Amino acid sequence: MTLIEHYELNDGSSLPKIGLGTVNIQGATGVNSILTAIEAGYRVIDTSTNYMNEGMVGEAIRRSSVPREELIISSKLPGMAHDYDKAIKMIQESLYRLGIDYFDKYLIHWPLPKRGKYDQAWQALVDAQKFGLIKTIGVSNFLEEHLETIIEKTGVTPATNQIERHPYFNNKELVETNKRLGILTEAWSPFGREINDVIEHETIATIAKKYDKSPTQVILRWNLQNGVMPIVKASSYKHQKANLDVFDFELTQAELETIDGLDKGEPGRVEGQHPNEYEEFG
C-alpha cells in the first residue's frame with residue numbers, strides 16, 4: 001500500500017492529497033475497481049447521486065478488508081434537491097443506498113444560480129453536519145460569488161470546493177480565491193477526460209521524460225505543488241498505483257509556469273460547463 005500525504009482542512013480534519021473518482025464506474029466491474037484502488041492505498045472515494053453508483057460504492061465498502069473508519073466516503077447533492085427539506089432527505093437516502101451511517105465528506109454538486117436555492121442547500125449541509133450525518137462539508141463548481149453568498153448567509157465556510165482543473169483549463173483565479181477563503185481546492189477531471197489531448201501534449205511529455213515519470217504523474221504533481229487535491233479515476237491496478245507514485249519528485253517553478261501556460265481559458269473546459277449556466281438537476 002502506498003502512503004499518501006495529507007492536506008489539513010479549515011474544520012480541523014484532514015484529507016489524503018489524492019482521491020479516487022468514480023464517475024462512469026458502475027456494477028461488478030466498478031466494485032472490483034474500487035477494491036483494487038483501496039488495496040493500492042486510496043482512502044478517499046468520491047461518488048455522487050448523479051453518478052448512479054452509490055450502491056456499487058457501498059458494496060465495495062462492505063467487501064473491503066479496510067475498516068470503515070479508515071475510508072473517507074464522499075458524495076454530492078444533486079440539483080433536484082436544493083430545497084432545504086429535500087436536501088436533508090436526499091442525504092439520508094444516499095446514506096441508505098450506500099449502507100453507511102455517515103458521510104465523511106459531502107458536497108453540493110453544482111450551484112445552479114438560476115434557481116437561486118444553493119444557499120438553502122448549503123444550510124441543509126450545515127445542519128446535516130450538526131445532526132451527525134456528515135463530518136466535513138463542502139461544495140463543487142462554486143464560483144467566488146456563490147462562495148461569498150453561502151458564507152455570508154450561514155457563517156460557515158466550505159472545507160473544500162471541487163472544480164474543473166487541468167492544464168487546458170487551470171482555473172487559476174478560482175484556485176486562488178479558494179486559498180484566500182481557506183478552502184481546499186479539489187480538481188475533477190485532472191487529465192481533461194478523453195475529449196482532449198492534454199496527456200499527449202509535447203510539453204507535458206518532455207517534462208515527464210526528464211523525471212522518468214508519466215504525463216499523468218506530472219499533471220498530478222503540478223496540482224499537488226499548487227496546493228490542489230486531484231480526484232483521479234483509473235480502472236486498472238497498475239494505473240491506480242502509478243497515480244499515487246508522485247511524492248518522490250518535484251517540478252521546478254519554471255515547469256509549473258510552463259504547464260500553467262497551456263491554459264486555453266473558457267474554450268478549454270472539457271464539456272463547456274460554466275457554473276453560472278450549467279443546469280444539473282439529476
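This structure is a prediction, so every number in the text was calculated from the model and none was measured.
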Student: What's the separation between atom CD1 in Ile204 and atom OG1 in Thr216, rounded to the nearest 0.5 Å?
Tutor: 10.5 Å

Student: Nearest 0.5 angstrom please: Ile88 CD1 to Gln92 CD, how far?
Tutor: 7.0 Å

Student: How about Met229 and Ile18: do any of their side-chain heavy atoms sit closer than 4.5 Å?
Tutor: no

Student: Assess whether a salt bridge exists between Arg115 and Glu279, defined as any Lys/Arg side-chain N lying under 4.0 Å from an Asp/Glu carboxylate O.
Tutor: no

Student: Atom CD of Glu5 and atom CG of Leu15: how far apart are they, to the nearest 0.5 Å?
Tutor: 14.0 Å

Student: Rounded to the nearest 0.5 Å, how far apart are CG of Asn53 and OG1 of Thr47?
Tutor: 3.5 Å

Student: Do the side chain of Thr258 and the main chain of Ala254 share a donor and acceptor less than 3.5 angstrom apart?
Tutor: yes

Student: Go through the side-chain N and O atoms of Asn50 and Glu280 and say whether any donor and acceptor fall under 3.5 Å apart.
Tutor: yes

Student: Tell me whether the NZ or CZ atom of Arg269 lies within the 45° cone about the ring axis of Tyr168 and under 6.0 Å from its centre.
Tutor: no

Student: Applying ring-ring contact (aromatic ring centres under 6.0 Å, His included), name anything that partners Phe142, two or more places apart in sequence or on another chain.
Tutor: Tyr118, His146

Student: Does a donor on one side chain sit under 3.5 Å from an acceptor on the other, for Glu164 and Ser189?
Tutor: no

Student: Distance-only, no hydrogens or angles: does the Tyr42 side chain make a donor-acceptor pair with backbone N or O of Leu71 under 3.5 Å?
Tutor: no

Student: How long is the gap from OG1 on Thr22 to CD on Glu54, to the nearest 0.5 Å?
Tutor: 9.0 Å

Student: Could you go through Arg43 and Asp104, starting from their C-alpha distance and side-chain angles, then the distance that decides it, and tell me whether this counts as salt bridge (charged side-chain N to carboxylate O under 4.0 Å, His left out)?
Tutor: CA-CA 11 Å; Arg43 290 297 177 263; Asp104 300 273; over 6 Å; no

Student: Does a donor on one side chain sit under 3.5 Å from an acceptor on the other, for Tyr7 and Glu186?
Tutor: no

Student: Thinking salt bridges, do Lys172 and Asp260 make one under a 4.0 Å N-O criterion?
Tutor: yes

Student: Would you indicate whether Phe131, at its atom CZ, is surrounded by more than 12 heavy atoms from other residues, nucleotides or ligands within a distance under 6.0 Å?
Tutor: yes

Student: Using a strict 4.0 Å threshold on nitrogen-to-oxygen distance, state whether Arg221 and Asp245 make a salt bridge.
Tutor: no

Student: Between Trp122 and Thr154, does a side-chain hydrogen bond (donor to acceptor under 3.5 Å, both in side chains) hold up when you go through it step by step?
Tutor: CA-CA 8 Å; Trp122 181 243; Thr154 67; 3.2 Å; yes

Student: Using a strict cut-off of less than 4.0 Å between a Lys/Arg side-chain nitrogen and an Asp/Glu carboxylate oxygen, indicate whether Lys105 and Asp11 qualify as a salt bridge.
Tutor: no

Student: Does either side chain, that of Tyr84 or that of Asp127, offer a donor lying less than 3.5 Å from an acceptor on the other one?
Tutor: yes

Student: Step by step, work out the salt bridge (charged side-chain N to carboxylate O under 4.0 Å, His left out) result for Arg180 and Glu176.
Tutor: CA-CA 6 Å; Arg180 175 174 56 81; Glu176 292 305 315; over 6 Å; no

Student: Can a donor-acceptor pair be found between the side chains of Ser94 and Thr49 at a distance below 3.5 Å?
Tutor: yes

Student: Under a plain distance cut-off of 3.5 Å, with no hydrogens placed, do Asn276 and Glu145 share a side-chain donor-acceptor pair?
Tutor: yes

Student: Consider only side-chain N and O atoms of Ser235 and Ser33, and report whether a donor and an acceptor are under 3.5 Å apart.
Tutor: no

Student: Identify the residue among Asn171, Asn170, Asn223, Thr185 that makes a side-chain hydrogen bond (donor to acceptor under 3.5 Å, both in side chains) with Arg165.
Tutor: Asn223

Student: How far does OG1 of Thr36 sit from NE2 of His239, to the nearest 0.5 angstrom?
Tutor: 12.0 Å

Student: Compute whether any side-chain donor of one residue and acceptor of the other, for Lys76 and Ser48, lie under 3.5 angstrom apart.
Tutor: no

Student: Please check: side-chain N/O of His82 versus main-chain N/O of Trp110, any donor-acceptor pairing under 3.5 Å?
Tutor: yes

Student: Using a strict threshold of under 4.0 Å (side-chain N to carboxylate O), is an ion pair present between Lys153 and Glu148?
Tutor: no

